[in-house]
Novice: 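Before I ask anything, let me first share the structure, which is written out below as C-alpha coordinates.
Below, chain A is the first sequence line, B the second, and so on; all start at residue 1. Treat the numbers as computed from the prediction; the structure is a model and nothing was measured.
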There are 2 protein chains.
Amino acid sequence: MPEHLIQHLNKHIQLTEEEKELIRSKVVLKTVKKKELLLRAGDVCLMQNFIAKGCFRLFIINEKGAEQTLQFSIEDWWITDYMSFSTQKASHFYIQAIENSEVISISKSDLDQLNIAIPPLERYFRIVLQKSFAASQMRIMFLFTMSAEERYHHFKNAQPDFVRRVPQYMLASYLDFSAEFLSKIRAGKV
Amino acid sequence: MPEHLIQHLNKHIQLTEEEKELIRSKVVLKTVKKKELLLRAGDVCLMQNFIAKGCFRLFIINEKGAEQTLQFSIEDWWITDYMSFSTQKASHFYIQAIENSEVISISKSDLDQLNIAIPPLERYFRIVLQKSFAASQMRIMFLFTMSAEERYHHFKNAQPDFVRRVPQYMLASYLDFSAEFLSKIRAGKV
DNA sequence: GTGATTTCTTGAAGTAGTTCAAGTTTTTTT
DNA sequence: AAAAAAACTTGAACTACTTCAAGAAATCAC
(Lines give C-alpha, C1' and ligand atoms only; values in the text may rest on other atoms or scores of the structure.)
Protein backbone atom coordinates (compact mmCIF):
# COMPACT_ATOMS: atom_id res chain seq x y z
CA MET A 1 0.00 0.00 0.00
CA PRO A 2 1.21 3.49 -0.78
CA GLU A 3 0.27 4.42 2.79
CA HIS A 4 3.60 3.13 3.98
CA LEU A 5 5.39 5.75 1.91
CA ILE A 6 2.91 8.49 2.84
CA GLN A 7 3.37 7.74 6.54
CA HIS A 8 7.12 7.77 6.14
CA LEU A 9 7.03 11.14 4.37
CA ASN A 10 4.70 12.49 7.06
CA LYS A 11 7.42 11.95 9.65
CA HIS A 12 9.65 14.39 7.79
CA ILE A 13 7.40 16.90 6.05
CA GLN A 14 3.83 18.21 6.21
CA LEU A 15 1.61 17.22 3.32
CA THR A 16 -1.91 18.38 2.51
CA GLU A 17 -4.56 15.83 1.58
CA GLU A 18 -4.35 16.87 -2.09
CA GLU A 19 -0.60 16.45 -2.10
CA LYS A 20 -0.96 12.97 -0.62
CA GLU A 21 -3.53 12.14 -3.29
CA LEU A 22 -1.18 13.39 -6.00
CA ILE A 23 1.60 11.16 -4.69
CA ARG A 24 -0.74 8.16 -4.47
CA SER A 25 -1.74 8.69 -8.08
CA LYS A 26 1.88 8.43 -9.27
CA VAL A 27 3.33 5.48 -7.37
CA VAL A 28 3.52 1.87 -8.52
CA LEU A 29 3.44 -1.04 -6.07
CA LYS A 30 5.49 -4.16 -6.60
CA THR A 31 5.93 -7.43 -4.79
CA VAL A 32 9.44 -8.77 -5.31
CA LYS A 33 10.47 -12.30 -4.39
CA LYS A 34 13.82 -13.13 -2.86
CA LYS A 35 16.53 -13.15 -5.56
CA GLU A 36 14.38 -11.29 -8.07
CA LEU A 37 15.95 -8.30 -9.80
CA LEU A 38 14.53 -4.78 -9.81
CA LEU A 39 17.26 -3.62 -12.20
CA ARG A 40 19.87 -5.37 -14.31
CA ALA A 41 23.11 -4.03 -15.80
CA GLY A 42 22.52 -2.67 -19.30
CA ASP A 43 18.97 -1.53 -18.52
CA VAL A 44 18.03 2.03 -17.69
CA CYS A 45 17.00 2.59 -14.07
CA LEU A 46 13.47 3.83 -14.76
CA MET A 47 12.18 3.94 -11.21
CA GLN A 48 13.23 5.36 -7.88
CA ASN A 49 12.34 2.63 -5.37
CA PHE A 50 11.17 2.94 -1.78
CA ILE A 51 11.35 -0.25 0.28
CA ALA A 52 8.09 -0.74 2.18
CA LYS A 53 9.12 -4.20 3.35
CA GLY A 54 12.18 -6.39 2.95
CA CYS A 55 15.81 -5.97 2.04
CA PHE A 56 17.72 -5.23 -1.17
CA ARG A 57 21.24 -4.89 -2.43
CA LEU A 58 22.83 -3.06 -5.32
CA PHE A 59 25.74 -4.96 -6.86
CA ILE A 60 27.96 -5.19 -9.89
CA ILE A 61 29.32 -8.23 -11.69
CA ASN A 62 33.01 -7.65 -12.37
CA GLU A 63 34.93 -8.91 -15.39
CA LYS A 64 35.84 -12.12 -13.55
CA GLY A 65 32.15 -12.83 -13.08
CA ALA A 66 32.21 -12.16 -9.33
CA GLU A 67 29.46 -10.13 -7.64
CA GLN A 68 30.48 -7.09 -5.59
CA THR A 69 27.83 -5.57 -3.36
CA LEU A 70 27.96 -1.78 -3.25
CA GLN A 71 24.94 -1.05 -1.10
CA PHE A 72 22.34 -2.64 1.16
CA SER A 73 18.95 -1.12 1.87
CA ILE A 74 16.04 -2.07 4.12
CA GLU A 75 12.54 -0.79 5.03
CA ASP A 76 12.07 2.98 4.85
CA TRP A 77 15.09 3.53 2.63
CA TRP A 78 15.40 4.11 -1.08
CA ILE A 79 17.38 1.98 -3.48
CA THR A 80 18.08 3.21 -6.96
CA ASP A 81 21.01 3.70 -9.30
CA TYR A 82 20.93 7.49 -9.25
CA MET A 83 23.48 7.78 -12.05
CA SER A 84 21.32 5.80 -14.47
CA PHE A 85 18.08 7.26 -13.06
CA SER A 86 19.11 10.89 -13.52
CA THR A 87 20.81 10.48 -16.89
CA GLN A 88 18.39 7.79 -18.12
CA LYS A 89 21.36 5.89 -19.53
CA ALA A 90 22.22 2.20 -19.16
CA SER A 91 23.12 1.11 -15.65
CA HIS A 92 26.23 -0.82 -14.58
CA PHE A 93 24.39 -2.31 -11.63
CA TYR A 94 21.94 -4.96 -10.52
CA ILE A 95 19.37 -4.35 -7.78
CA GLN A 96 18.20 -7.57 -6.15
CA ALA A 97 15.82 -8.55 -3.34
CA ILE A 98 17.60 -10.38 -0.52
CA GLU A 99 14.24 -11.23 1.12
CA ASN A 100 10.67 -11.33 -0.16
CA SER A 101 9.93 -7.63 -0.35
CA GLU A 102 7.50 -4.89 -1.26
CA VAL A 103 8.53 -1.71 -3.00
CA ILE A 104 6.84 1.54 -3.95
CA SER A 105 8.28 2.96 -7.17
CA ILE A 106 8.05 6.28 -9.00
CA SER A 107 9.22 6.99 -12.55
CA LYS A 108 11.60 9.84 -13.24
CA SER A 109 9.07 11.99 -15.07
CA ASP A 110 6.45 11.49 -12.35
CA LEU A 111 8.99 12.25 -9.66
CA ASP A 112 10.11 15.40 -11.46
CA GLN A 113 6.49 16.55 -11.58
CA LEU A 114 5.94 15.74 -7.92
CA ASN A 115 9.07 17.57 -6.85
CA ILE A 116 7.99 20.70 -8.68
CA ALA A 117 4.40 20.51 -7.47
CA ILE A 118 5.35 19.81 -3.84
CA PRO A 119 8.38 21.84 -2.64
CA PRO A 120 8.49 20.07 0.76
CA LEU A 121 8.93 16.78 -1.11
CA GLU A 122 11.92 18.18 -2.95
CA ARG A 123 13.22 19.31 0.46
CA TYR A 124 12.76 15.77 1.79
CA PHE A 125 14.81 14.33 -1.08
CA ARG A 126 17.48 17.00 -0.70
CA ILE A 127 17.90 15.94 2.92
CA VAL A 128 17.82 12.20 2.13
CA LEU A 129 20.48 12.67 -0.56
CA GLN A 130 22.61 14.85 1.71
CA LYS A 131 22.57 12.05 4.29
CA SER A 132 23.28 9.43 1.65
CA PHE A 133 26.23 11.35 0.29
CA ALA A 134 27.57 12.00 3.80
CA ALA A 135 27.27 8.28 4.58
CA SER A 136 29.06 7.46 1.35
CA GLN A 137 31.94 9.80 2.25
CA MET A 138 32.21 8.07 5.62
CA ARG A 139 32.14 4.68 3.93
CA ILE A 140 35.09 5.61 1.73
CA MET A 141 36.89 6.83 4.85
CA PHE A 142 36.34 3.46 6.55
CA LEU A 143 37.52 1.60 3.45
CA PHE A 144 40.67 3.74 3.40
CA THR A 145 41.60 3.73 7.07
CA MET A 146 40.54 0.35 8.47
CA SER A 147 41.83 -3.19 7.99
CA ALA A 148 39.43 -5.91 6.81
CA GLU A 149 38.92 -7.10 10.38
CA GLU A 150 38.28 -3.57 11.68
CA ARG A 151 35.75 -2.94 8.92
CA TYR A 152 33.87 -6.11 9.83
CA HIS A 153 33.68 -5.30 13.54
CA HIS A 154 32.79 -1.70 12.92
CA PHE A 155 29.98 -2.63 10.55
CA LYS A 156 28.68 -5.31 12.91
CA ASN A 157 28.39 -2.68 15.64
CA ALA A 158 26.97 0.05 13.46
CA GLN A 159 24.48 -2.07 11.48
CA PRO A 160 23.67 -5.27 13.38
CA ASP A 161 20.39 -5.67 11.42
CA PHE A 162 22.18 -6.03 8.13
CA VAL A 163 24.63 -8.58 9.51
CA ARG A 164 21.66 -10.65 10.68
CA ARG A 165 19.68 -10.42 7.46
CA VAL A 166 22.38 -10.69 4.82
CA PRO A 167 24.44 -13.75 3.73
CA GLN A 168 28.07 -13.54 4.76
CA TYR A 169 29.43 -13.68 1.27
CA MET A 170 27.46 -10.56 0.32
CA LEU A 171 28.64 -8.81 3.46
CA ALA A 172 32.25 -9.70 2.67
CA SER A 173 32.01 -8.22 -0.81
CA TYR A 174 30.35 -5.07 0.62
CA LEU A 175 33.29 -4.69 3.00
CA ASP A 176 35.69 -5.33 0.10
CA PHE A 177 37.30 -8.61 1.02
CA SER A 178 36.73 -12.26 0.17
CA ALA A 179 34.05 -14.50 1.68
CA GLU A 180 36.79 -16.92 2.78
CA PHE A 181 38.58 -14.18 4.66
CA LEU A 182 35.39 -13.20 6.52
CA SER A 183 34.96 -16.79 7.54
CA LYS A 184 38.47 -16.75 8.99
CA ILE A 185 37.89 -13.46 10.79
CA ARG A 186 34.77 -14.88 12.43
CA ALA A 187 36.61 -18.05 13.44
CA GLY A 188 39.39 -15.95 14.97
CA LYS A 189 41.89 -17.55 12.58
CA VAL A 190 43.50 -14.32 11.59
CA MET B 1 32.55 38.40 -5.47
CA PRO B 2 29.26 36.65 -4.80
CA GLU B 3 28.44 37.20 -8.49
CA HIS B 4 30.39 34.07 -9.34
CA LEU B 5 27.97 31.99 -7.31
CA ILE B 6 24.92 33.86 -8.63
CA GLN B 7 26.03 33.30 -12.20
CA HIS B 8 26.61 29.64 -11.52
CA LEU B 9 23.14 29.25 -10.00
CA ASN B 10 21.64 31.11 -12.93
CA LYS B 11 22.85 28.38 -15.24
CA HIS B 12 20.69 25.86 -13.39
CA ILE B 13 17.71 27.74 -12.01
CA GLN B 14 15.81 30.98 -12.54
CA LEU B 15 16.17 33.52 -9.78
CA THR B 16 14.35 36.84 -9.33
CA GLU B 17 16.31 39.96 -8.45
CA GLU B 18 15.04 39.82 -4.86
CA GLU B 19 16.11 36.21 -4.52
CA LYS B 20 19.57 37.09 -5.77
CA GLU B 21 19.73 39.93 -3.27
CA LEU B 22 18.69 37.59 -0.48
CA ILE B 23 21.46 35.18 -1.42
CA ARG B 24 24.04 37.98 -1.63
CA SER B 25 23.06 39.11 1.87
CA LYS B 26 23.85 35.69 3.35
CA VAL B 27 27.13 34.67 1.78
CA VAL B 28 30.62 35.20 3.17
CA LEU B 29 33.66 35.64 0.92
CA LYS B 30 37.05 34.22 1.82
CA THR B 31 40.48 34.26 0.26
CA VAL B 32 42.35 31.08 1.14
CA LYS B 33 46.07 30.66 0.55
CA LYS B 34 47.59 27.38 -0.66
CA LYS B 35 47.85 24.90 2.24
CA GLU B 36 45.47 26.87 4.45
CA LEU B 37 42.67 24.92 6.11
CA LEU B 38 38.98 25.68 5.78
CA LEU B 39 38.11 22.97 8.29
CA ARG B 40 40.11 20.85 10.71
CA ALA B 41 39.23 17.53 12.38
CA GLY B 42 37.53 18.10 15.72
CA ASP B 43 35.85 21.33 14.59
CA VAL B 44 32.24 21.55 13.45
CA CYS B 45 31.81 22.22 9.72
CA LEU B 46 29.92 25.51 10.07
CA MET B 47 29.87 26.50 6.40
CA GLN B 48 28.93 25.01 3.08
CA ASN B 49 31.66 26.20 0.69
CA PHE B 50 31.44 27.05 -2.99
CA ILE B 51 34.76 27.33 -4.82
CA ALA B 52 34.84 30.48 -6.93
CA LYS B 53 38.50 30.01 -7.79
CA GLY B 54 41.14 27.41 -7.01
CA CYS B 55 41.28 23.85 -5.83
CA PHE B 56 40.63 22.07 -2.54
CA ARG B 57 40.82 18.63 -1.04
CA LEU B 58 39.05 16.93 1.84
CA PHE B 59 41.31 14.53 3.74
CA ILE B 60 41.68 12.58 6.96
CA ILE B 61 44.77 11.92 9.05
CA ASN B 62 44.78 8.23 9.98
CA GLU B 63 46.10 6.78 13.22
CA LYS B 64 49.56 6.32 11.70
CA GLY B 65 49.66 10.05 10.98
CA ALA B 66 49.31 9.62 7.20
CA GLU B 67 46.97 11.83 5.15
CA GLN B 68 44.31 10.15 3.00
CA THR B 69 42.55 12.34 0.47
CA LEU B 70 38.86 11.52 0.13
CA GLN B 71 37.79 14.21 -2.31
CA PHE B 72 39.08 16.90 -4.66
CA SER B 73 37.05 19.92 -5.73
CA ILE B 74 37.65 22.79 -8.14
CA GLU B 75 35.87 25.92 -9.42
CA ASP B 76 32.07 25.73 -9.51
CA TRP B 77 31.89 22.82 -7.11
CA TRP B 78 31.07 22.65 -3.43
CA ILE B 79 33.32 21.24 -0.76
CA THR B 80 31.96 20.56 2.69
CA ASP B 81 31.80 17.76 5.22
CA TYR B 82 28.08 17.16 4.90
CA MET B 83 28.00 14.79 7.88
CA SER B 84 29.38 17.43 10.24
CA PHE B 85 27.50 20.24 8.49
CA SER B 86 24.08 18.61 8.78
CA THR B 87 24.50 17.23 12.30
CA GLN B 88 26.64 20.18 13.50
CA LYS B 89 28.89 17.69 15.28
CA ALA B 90 32.70 17.50 15.22
CA SER B 91 34.21 16.59 11.88
CA HIS B 92 36.73 13.81 11.18
CA PHE B 93 38.11 15.69 8.20
CA TYR B 94 40.37 18.50 7.08
CA ILE B 95 39.54 20.73 4.11
CA GLN B 96 42.63 22.35 2.60
CA ALA B 97 43.39 24.65 -0.31
CA ILE B 98 45.72 23.04 -2.87
CA GLU B 99 46.10 26.38 -4.69
CA ASN B 100 45.49 30.00 -3.72
CA SER B 101 41.72 30.07 -3.82
CA GLU B 102 38.53 32.03 -3.28
CA VAL B 103 35.45 30.56 -1.66
CA ILE B 104 31.90 31.69 -1.08
CA SER B 105 30.49 30.24 2.14
CA ILE B 106 27.06 30.00 3.71
CA SER B 107 26.27 28.95 7.29
CA LYS B 108 23.82 26.16 7.98
CA SER B 109 21.12 28.38 9.46
CA ASP B 110 21.38 30.86 6.58
CA LEU B 111 21.28 28.05 4.04
CA ASP B 112 18.24 26.50 5.72
CA GLN B 113 16.47 29.86 5.47
CA LEU B 114 17.47 30.32 1.85
CA ASN B 115 16.31 26.84 0.91
CA ILE B 116 12.90 27.46 2.43
CA ALA B 117 12.56 30.94 0.95
CA ILE B 118 13.71 29.90 -2.55
CA PRO B 119 12.34 26.47 -3.64
CA PRO B 120 14.37 26.47 -6.90
CA LEU B 121 17.52 26.75 -4.77
CA GLU B 122 16.52 23.68 -2.81
CA ARG B 123 15.91 21.99 -6.16
CA TYR B 124 19.42 22.97 -7.29
CA PHE B 125 20.94 21.42 -4.16
CA ARG B 126 18.81 18.29 -4.52
CA ILE B 127 20.22 17.82 -8.01
CA VAL B 128 23.81 18.61 -6.97
CA LEU B 129 23.59 16.11 -4.13
CA GLN B 130 22.01 13.48 -6.35
CA LYS B 131 24.95 13.84 -8.74
CA SER B 132 27.44 13.78 -5.87
CA PHE B 133 25.95 10.63 -4.42
CA ALA B 134 25.83 8.97 -7.84
CA ALA B 135 29.50 9.88 -8.40
CA SER B 136 30.35 8.49 -4.99
CA GLN B 137 28.61 5.19 -5.82
CA MET B 138 30.64 5.00 -9.02
CA ARG B 139 33.83 5.78 -7.13
CA ILE B 140 33.24 2.88 -4.76
CA MET B 141 32.60 0.69 -7.79
CA PHE B 142 35.95 1.71 -9.30
CA LEU B 143 37.74 1.09 -6.00
CA PHE B 144 36.17 -2.38 -5.85
CA THR B 145 36.65 -3.55 -9.40
CA MET B 146 39.88 -2.00 -10.68
CA SER B 147 43.54 -2.59 -9.84
CA ALA B 148 45.70 0.33 -8.70
CA GLU B 149 47.07 0.81 -12.19
CA GLU B 150 43.61 0.72 -13.77
CA ARG B 151 42.32 3.27 -11.27
CA TYR B 152 45.18 5.62 -12.12
CA HIS B 153 44.65 5.41 -15.89
CA HIS B 154 40.91 5.69 -15.57
CA PHE B 155 41.14 8.78 -13.38
CA LYS B 156 43.73 10.36 -15.64
CA ASN B 157 41.32 10.00 -18.56
CA ALA B 158 38.21 11.06 -16.70
CA GLN B 159 39.71 14.00 -14.79
CA PRO B 160 42.86 15.25 -16.53
CA ASP B 161 42.52 18.68 -14.82
CA PHE B 162 42.93 17.20 -11.38
CA VAL B 163 45.96 15.17 -12.39
CA ARG B 164 47.57 18.36 -13.67
CA ARG B 165 46.75 20.48 -10.63
CA VAL B 166 47.27 18.06 -7.77
CA PRO B 167 50.54 16.66 -6.32
CA GLN B 168 51.06 12.99 -7.06
CA TYR B 169 51.17 11.91 -3.45
CA MET B 170 47.67 13.35 -2.89
CA LEU B 171 46.40 11.66 -6.02
CA ALA B 172 47.86 8.33 -4.90
CA SER B 173 46.07 8.53 -1.55
CA TYR B 174 42.82 9.51 -3.32
CA LEU B 175 43.14 6.39 -5.47
CA ASP B 176 43.94 4.34 -2.36
CA PHE B 177 47.53 3.30 -2.92
CA SER B 178 50.94 4.57 -1.86
CA ALA B 179 52.82 7.48 -3.43
CA GLU B 180 55.74 5.14 -4.14
CA PHE B 181 53.51 2.78 -6.05
CA LEU B 182 52.13 5.60 -8.21
CA SER B 183 55.69 6.58 -9.03
CA LYS B 184 56.36 3.02 -10.18
CA ILE B 185 53.16 2.89 -12.25
CA ARG B 186 54.16 6.10 -14.05
CA ALA B 187 57.66 4.78 -14.69
CA GLY B 188 56.19 1.56 -16.11
CA LYS B 189 58.02 -0.41 -13.42
CA VAL B 190 55.05 -2.50 -12.52
C1' DG C 1 11.41 -35.48 5.39
C1' DT C 2 14.55 -36.20 1.56
C1' DG C 3 17.19 -34.40 -2.16
C1' DA C 4 18.95 -30.28 -4.17
C1' DT C 5 20.78 -25.98 -3.66
C1' DT C 6 23.00 -22.44 -1.27
C1' DT C 7 26.11 -20.91 2.12
C1' DC C 8 30.11 -21.42 5.10
C1' DT C 9 34.76 -23.32 6.44
C1' DT C 10 39.65 -24.69 6.19
C1' DG C 11 44.46 -24.87 4.75
C1' DA C 12 48.13 -24.16 1.39
C1' DA C 13 50.21 -21.45 -2.08
C1' DG C 14 50.44 -17.03 -4.34
C1' DT C 15 50.47 -11.78 -5.22
C1' DA C 16 49.26 -6.91 -5.45
C1' DG C 17 50.47 -3.72 -3.02
C1' DT C 18 53.09 -1.57 1.41
C1' DT C 19 56.93 0.11 4.08
C1' DC C 20 61.38 1.83 4.75
C1' DA C 21 65.37 4.40 3.75
C1' DA C 22 68.11 7.08 0.96
C1' DG C 23 68.88 9.79 -2.96
C1' DT C 24 67.24 13.07 -6.72
C1' DT C 25 64.54 16.54 -8.75
C1' DT C 26 61.47 20.39 -8.62
C1' DT C 27 59.45 24.34 -6.56
C1' DT C 28 59.29 28.03 -3.33
C1' DT C 29 61.25 31.62 -0.55
C1' DT C 30 64.19 35.29 0.25
C1' DA D 1 71.01 33.04 -7.26
C1' DA D 2 71.32 30.34 -3.18
C1' DA D 3 69.15 27.94 0.42
C1' DA D 4 65.28 25.57 2.07
C1' DA D 5 61.33 22.99 1.52
C1' DA D 6 58.34 20.04 -0.97
C1' DA D 7 57.65 16.40 -4.15
C1' DC D 8 59.20 12.36 -6.64
C1' DT D 9 61.99 7.98 -7.48
C1' DT D 10 64.17 3.48 -6.67
C1' DG D 11 65.00 -1.15 -4.93
C1' DA D 12 64.68 -4.63 -1.34
C1' DA D 13 62.16 -6.84 2.20
C1' DC D 14 57.63 -7.71 3.83
C1' DT D 15 52.40 -8.62 4.65
C1' DA D 16 47.41 -8.42 4.40
C1' DC D 17 44.80 -10.35 1.76
C1' DT D 18 43.36 -13.52 -2.46
C1' DT D 19 42.66 -17.73 -4.95
C1' DC D 20 41.82 -22.43 -5.35
C1' DA D 21 39.93 -26.75 -4.14
C1' DA D 22 37.31 -29.67 -1.47
C1' DG D 23 34.34 -30.77 2.21
C1' DA D 24 30.72 -29.63 5.82
C1' DA D 25 26.67 -27.37 7.30
C1' DA D 26 22.45 -25.04 6.71
C1' DT D 27 18.33 -23.89 4.14
C1' DC D 28 14.90 -24.53 0.58
C1' DA D 29 11.48 -26.89 -2.38
C1' DC D 30 8.24 -30.22 -3.12
Novice: Hey, is CD on B:E63 packed in by over 12 heavy atoms from elsewhere, all under 6.0 Å?
Specialist: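 Counting other residues, nucleotides and ligands, CD of B:E63 exceeds 12 neighbours.
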
Novice: Centre of A:F162's six-membered ring, under 6.0 Å away, within 45 degrees of the axis: is that where NZ or CZ of A:R57 sits?
Specialist: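 No, A:R57 does not lie over the aromatic ring of A:F162.
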
Novice: Given atom CG of B:L182 and atom P of D:dT9, what is their separation to the nearest angstrom?
Specialist: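 In whole Å, D:dT9 P lies 8 Å from B:L182 CG.
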
Novice: To the nearest Å, how far apart are B:I185 CD1 and C:dT18 C1'?
Specialist: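 Those two atoms, CD1 and C1', are 13 Å apart.
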
Novice: Using ring centroids (six-membered ring only for Trp), state whether B:H92 and A:F142 fall under 6.0 Å.
Specialist: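 So the answer is no for these two rings.
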
Novice: Of the nucleotides D:dC8, C:dC8, D:dA6, which one has an atom closest to the side chain of B:P167?
Specialist: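 Looking only at side-chain atoms, B:P167 lies closest to D:dC8.
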
Novice: For the residue pair B:H12 and B:H8, categorise the inter-ring angle as parallel (less than 30°), tilted (30 to 60°) or perpendicular (more than 60°).
Specialist: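 Tilted.
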
Novice: Mind calculating the distance between CZ (B:R186) and C1' (C:dG17) to the nearest angstrom?
Specialist: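 The answer, rounded to whole Å, is 19 Å.
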
Novice: Just call it for B:F177: base, sugar-phosphate, or nothing, with non-hydrogen atoms closer than 4.0 Å on any strand.
Specialist: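 Sugar-phosphate contact only.
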
Novice: Find the distance B:I98:CD1 to D:dA6:C1' and express it as a whole number of Å.
Specialist: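 So the CD1-C1' distance, B:I98 to D:dA6, works out to 14 Å.
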
Novice: Any luck finding a side-chain donor-acceptor pair between B:T80 and B:N49 under 3.5 Å?
Specialist: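 No pair is found: no donor N or O on one side chain lies under 3.5 Å from an acceptor on the other.
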
Novice: Below 6.0 angstrom between ring centroids: does that apply to A:Y152 and A:F177?
Specialist: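 Here the rings of A:F177 and A:Y152 have centres that are no less than 6.0 Å from each other.
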
Novice: Which part of the nucleic acid, if any, lies within reach of B:F181 when heavy atoms closer than 4.0 Å are counted: base, sugar-phosphate only, or nothing?
Specialist: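 Contact class for B:F181: base.
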
Novice: Determine to 10° how strongly the helix from C:dG1-D:dC30 to C:dT30-D:dA1 is bent, judged from the axes of its five-pair ends.
Specialist: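 Axis angle across the helix from C:dG1-D:dC30 to C:dT30-D:dA1, nearest 10°: 70°.
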
Novice: So A:K20 and A:E3, salt bridge (charged side-chain N to carboxylate O under 4.0 Å, His left out) or not? Walk me through it.
Specialist: CA-CA 9 Å; A:K20 290 179 188 175; A:E3 292 321 302; over 6 Å; no

Novice: So, OP1 or OP2 of D:dC17: does either fall under 4.0 Å of a side-chain N or O from A:K184?
Specialist: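 For A:K184, the contact criterion (side-chain N or O under 4.0 Å from OP1 or OP2 of D:dC17) is not met.
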
Novice: Quick one: A:F144 CZ to C:dG17 P, roughly how many Å, whole number?
Specialist: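 Answer to the nearest Å: 13 Å.
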
Novice: Closer than 4.0 Å, any side-chain N/O of A:K64 to the OP1 or OP2 of D:dT19?
Specialist: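 Affirmative; the distance criterion is met.
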
Novice: Just the rounded figure in Å: distance from P of C:dT7 to CG of A:L171.
Specialist: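 Going from CG in A:L171 over to P in C:dT7 covers 14 Å.
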
Novice: Hey, which of these two, B:V166 or A:M146, hits DNA chain D nearer its 5' end, going by closest nucleotide?
Specialist: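 Going by which nucleotide is closer to the 5' end, it is B:V166.
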
Novice: Given C:dT9, is OP1 or OP2 found less than 4.0 Å from the side-chain N or O atoms of A:Q168?
Specialist: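 Yes, because at least one side-chain N or O of A:Q168 sits under 4.0 Å from OP1 or OP2 of C:dT9.
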
Novice: Both A:E180 and A:E149 contact DNA chain D. Which one's nearest nucleotide lies toward the 5' end?
Specialist: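 Going by which nucleotide is closer to the 5' end, it is A:E149.
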
Novice: How many Å lie between NZ on A:K35 and P on C:dT6, as a whole number?
Specialist: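 One finds 5 Å between P of C:dT6 and NZ of A:K35, rounded.
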
Novice: Between A:K34 and D:dC28, does any side-chain N or O lie under 4.0 Å from OP1 or OP2?
Specialist: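 Looking at the OP1 and OP2 atoms of D:dC28, one of them is under 4.0 Å from a side-chain N or O of A:K34.
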
Novice: Considering only C:dT7, C:dT10, D:dT10, which nucleotide approaches the side chain of B:S183 most closely?
Specialist: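 The closest nucleotide is D:dT10.
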
Novice: Looking at B:W77 versus B:F56, is the centre-to-centre ring distance below 6.0 Å?
Specialist: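 Ring-ring flag for B:W77/B:F56: false, centres at least 6.0 Å apart.
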
Novice: Starting at atom CD of A:Q68, determine the distance to atom C1' of D:dC17, rounded to an integer number of angstrom.
Specialist: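 One finds 14 Å between C1' of D:dC17 and CD of A:Q68, rounded.
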
